[in-house]
Colleague: 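This is the structure, below, for whatever I ask next.
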Amino acid sequence: MSRRHEDFDEFCDPENPRPIKYDEVKDALERLSPFITKTPCMPSHHQREFTMKLYYKIESMQITGSFKERGSLNVLQLLPLDKKKIGVVIASIGNDAIGICHYGAKLGIPVIVVVPVTIPICKLQNCYSLGAKVILEGSNLTESQRFARSLAKDKGLTYINARDHPHILMGYGTLALEILEQIPLVEAVIVPVGSGGLIAAVAAVIKHIKPNCLVYGVQSENIPAFFKSLEMDKPIQVPMQDNMADAISVPNVGVNAFHTAKTLVDKMLLVNQDWIARSILHLIEKERFVIEGAGACPLAAILGNLVPELKTKYVVAILSGGNIDYTSLIRSLQRGLSVIGRLVRFSVGVKDDPKAYSQLLSLIANGGYNVVHQFQDRIWVEGSDYTIEIKLVCETRNLEHALELKRIIERAYPYSSEFETEPFNDKRMCPCYGRVAT
């Protein structure tokens, strides 16, 4: 590779990767401790249900809402004084930018953030509110990074790869040191994975101190860049797709992260969108935590029964962040409820008169169902009668209650009712993948 290449980054050089070392993480902890929240490892309220001693490392309690600020502060602290005065440029899909902007403002370091046009609005607004200059450029992170590198070169600024810079990863590793102190009996740590920075840093620390402790990574099946890279034993790029776990929606892996993690990670798992949605729902309803899709991935692997070998063990699931916008949260909760049969969509054709409409609603009410949404669509049918098609979304207690609603409606309206098949499709109720990448 030519060192004049526009994509070259001396800190993230494929020909000269920089593995994360335990001593570097310990030094980072000393620097960060006065500023970073030592987030709790909280026991799950449902340890008996999971048949494991499950704890949550709640990184959403950081002031910027995610673990990313550990790396952001560390990399800014290690900048030479002259570069601190000139300023930095980063590319981000959200949480990295919020961390850099926050501590850039604290340390008086000018920050320019380049974000793709697909960034969630709440994360974009957070960057603006922290005083950074924000540039919307690119349809994904790769394109934003390319623009950021070019901008840094043109203006003489320092470009920071916010997902793979070695000083960023050192900061991430402090999280693992806290886990080992808080849960000394830990036997497995489950980590959400995007480009691999967090799992690389966690594995470097865990395996140094406690080699027998398992380190598992969990990634969305929609963008499985790290999973596929481990399978191929080299960094690869995958196509971008829509992903409920937007904070780990990256098509490639970090050079330093991959080089560090590839011999340390015990298992990589893929989860589908339905299980991520169910995990977000579970965390809100049963654990009382608001967590974004990426942070919910470790629990998705547990709920999906992808890790039966961890039964009875001390397990820590890293809830990496809670920066989820209102729209994404509502969609996730609705999808989660739909998957488990607690929201059901169907349509019924009835005569266009108040009595017929009342009979339908009485049938639903008498069964103990709640109408969440309804829409009336009037259509012409043969003969002199008019028929109205009523589309409904109903809330049920559980899947069995939903199936009973289906039977009730189909008996009453055998020729004019239609249910969406999602809650009744067995494939949607099963885990997606549990393959090991070696």
Side-chain angles (χ1 to χ4, degrees), residues 36-70 94-95 98 120 122-123 126 175 178-179 181-183 186 188-192 198 216 218 220 244-248 271 273-307 310-311 313-343 370 372 395-399 401:
I36 296 291
T37 302
K38 184 178 180 179
T39 56
C41 268
M42 299 285 290
S44 168
H45 299 313
H46 296 268
Q47 289 188 346
R48 181 174 297 182
E49 175 187 332
F50 295 135
T51 326
M52 67 176 63
K53 301 173 185 70
L54 177 63
Y55 293 81
Y56 299 116
K57 180 64 170 168
I58 313 172
E59 284 296 287
S60 58
M61 294 182 68
Q62 296 290 354
I63 192 168
T64 62
S66 86
F67 76 97
K68 294 286 188 176
E69 69 178 69
R70 295 175 182 269
N95 289 335
I98 298 170
C122 74
K123 294 180 180 179
N126 280 340
L175 181 157
E178 292 178 6
I179 290 174
E181 178 187 341
Q182 293 166 323
I183 312 295
V186 62
V189 180
I190 308 179
V191 188
L198 179 59
Y216 285 6
V218 185
S220 166
M244 194 172 293
D246 62 273
I248 54 176
V271 292
Q273 301 296 286
D274 291 341
W275 283 98
I276 296 173
R278 291 183 66 170
S279 299
I280 294 172
L281 177 64
H282 176 95
L283 288 165
I284 286 181
E285 282 196 329
K286 298 186 177 182
E287 308 286 7
R288 303 298 184 263
F289 303 136
V290 178
I291 301 297
E292 62 190 80
C297 282
L299 181 60
I302 295 172
L303 289 177
N305 198 32
L306 300 185
V307 289
L310 300 186
K311 300 288 187 183
K313 295 184 182 295
Y314 283 87
V315 179
V316 174
I318 297 177
L319 307 184
S320 54
N323 293 322
I324 184 169
D325 65 278
Y326 171 80
T327 303
S328 297
L329 179 60
I330 294 301
R331 287 174 179 169
S332 300
L333 295 178
Q334 289 177 339
R335 184 164 184 166
L337 290 168
S338 173
V339 170
I340 60 177
R342 287 173 52 193
L343 275 185
N370 181 37
V372 177
E395 184 180 14
T396 73
R397 292 190 293 270
N398 48 42
L399 181 58
H401 199 212

Colleague: Given side-chain contact (heavy atoms from CB on, under 4.5 Å), test V316 with C41 step by step and report yes or no.
Modeller: CA-CA 8 Å; V316 174; C41 268; 4.3 Å; yes

Colleague: With rounding to the nearest 0.5 angstrom, report the CD1 to CD1 distance, I63 to I98.
Modeller: 12.0 Å

Colleague: For the backbone of Q334 and the side chain of S338, can you confirm whether one donor and one acceptor N or O come within less than 3.5 Å of each other?
Modeller: no

Colleague: Report yes if some heavy atom in the side chain of L310 is under 4.5 Å from a heavy atom in the side chain of Y216; otherwise report no.
Modeller: yes

Colleague: Evaluate L319 against S60 for side-chain contact (heavy atoms from CB on, under 4.5 Å), listing each step before the verdict.
Modeller: CA-CA 7 Å; L319 307 184; S60 58; 5.5 Å; no

Colleague: Keeping the roles fixed (side chain from S66, backbone from G321), state whether a donor-acceptor pair exists under 3.5 Å.
Modeller: no

Colleague: May I have the step-by-step check of side-chain contact (heavy atoms from CB on, under 4.5 Å) for V315 and F50, ending in yes or no?
Modeller: CA-CA 11 Å; V315 179; F50 295 135; over 6 Å; no

Colleague: Report yes or no: does E395 contribute a side-chain atom to a donor-acceptor pair with the main-chain N or O of R342 at less than 3.5 Å?
Modeller: no

Colleague: On a heavy-atom basis, which atom in P298 and which in A317 lie closest, and how many Å separate them?
Modeller: CB-CB, 3.9 Å

Colleague: Of all residues at least two apart in sequence or in a different chain, which pass the salt bridge (charged side-chain N to carboxylate O under 4.0 Å, His left out) check with E59?
Modeller: R70

Colleague: Which is it for V271 and L303 under the side-chain contact (heavy atoms from CB on, under 4.5 Å) test, yes or no, and what are the steps along the way?
Modeller: CA-CA 10 Å; V271 292; L303 289 177; over 6 Å; no

Colleague: Under 4.5 Å between any side-chain heavy atoms of L198 and L175, yes or no?
Modeller: yes

Colleague: Determine whether the aromatic ring centres of Y56 and H282 lie less than 6.0 Å apart.
Modeller: no

Colleague: Side chains of L329 and I284: does their closest heavy-atom pair fall under 4.5 Å?
Modeller: yes

Colleague: For S328, check side-chain contact (heavy atoms from CB on, under 4.5 Å) against everything at least two apart and list the hits.
Modeller: I324, D325

Colleague: A side-chain contact here means heavy atoms from C-beta on lying under 4.5 Å apart; do E287 and H45 qualify?
Modeller: yes

Colleague: Determine the minimum heavy-atom distance between C297 and A245, stating which atoms define it.
Modeller: SG-CB, 4.2 Å

Colleague: Please say whether more than 12 non-hydrogen atoms of neighbouring residues, nucleotides or ligands are located less than 6.0 Å from CD1 in I330.
Modeller: yes

Colleague: Would you tell me whether K57 and Q182 have side-chain atoms, one donor and one acceptor, within less than 3.5 Å of each other?
Modeller: yes

Colleague: Under 4.5 Å between any side-chain heavy atoms of L306 and V218, yes or no?
Modeller: no

Colleague: Hey, are Q273 and S220 close enough side-chain-wise for a donor-acceptor pair under 3.5 Å?
Modeller: yes

Colleague: With a 3.5 Å distance limit and no angle check, can you tell me whether E292 reaches the backbone of N323 through a side-chain donor-acceptor pair?
Modeller: yes

Colleague: Of all heavy-atom pairs between A247 and A294, which one has the smallest distance, and what is that distance?
Modeller: CB-CB, 3.8 Å

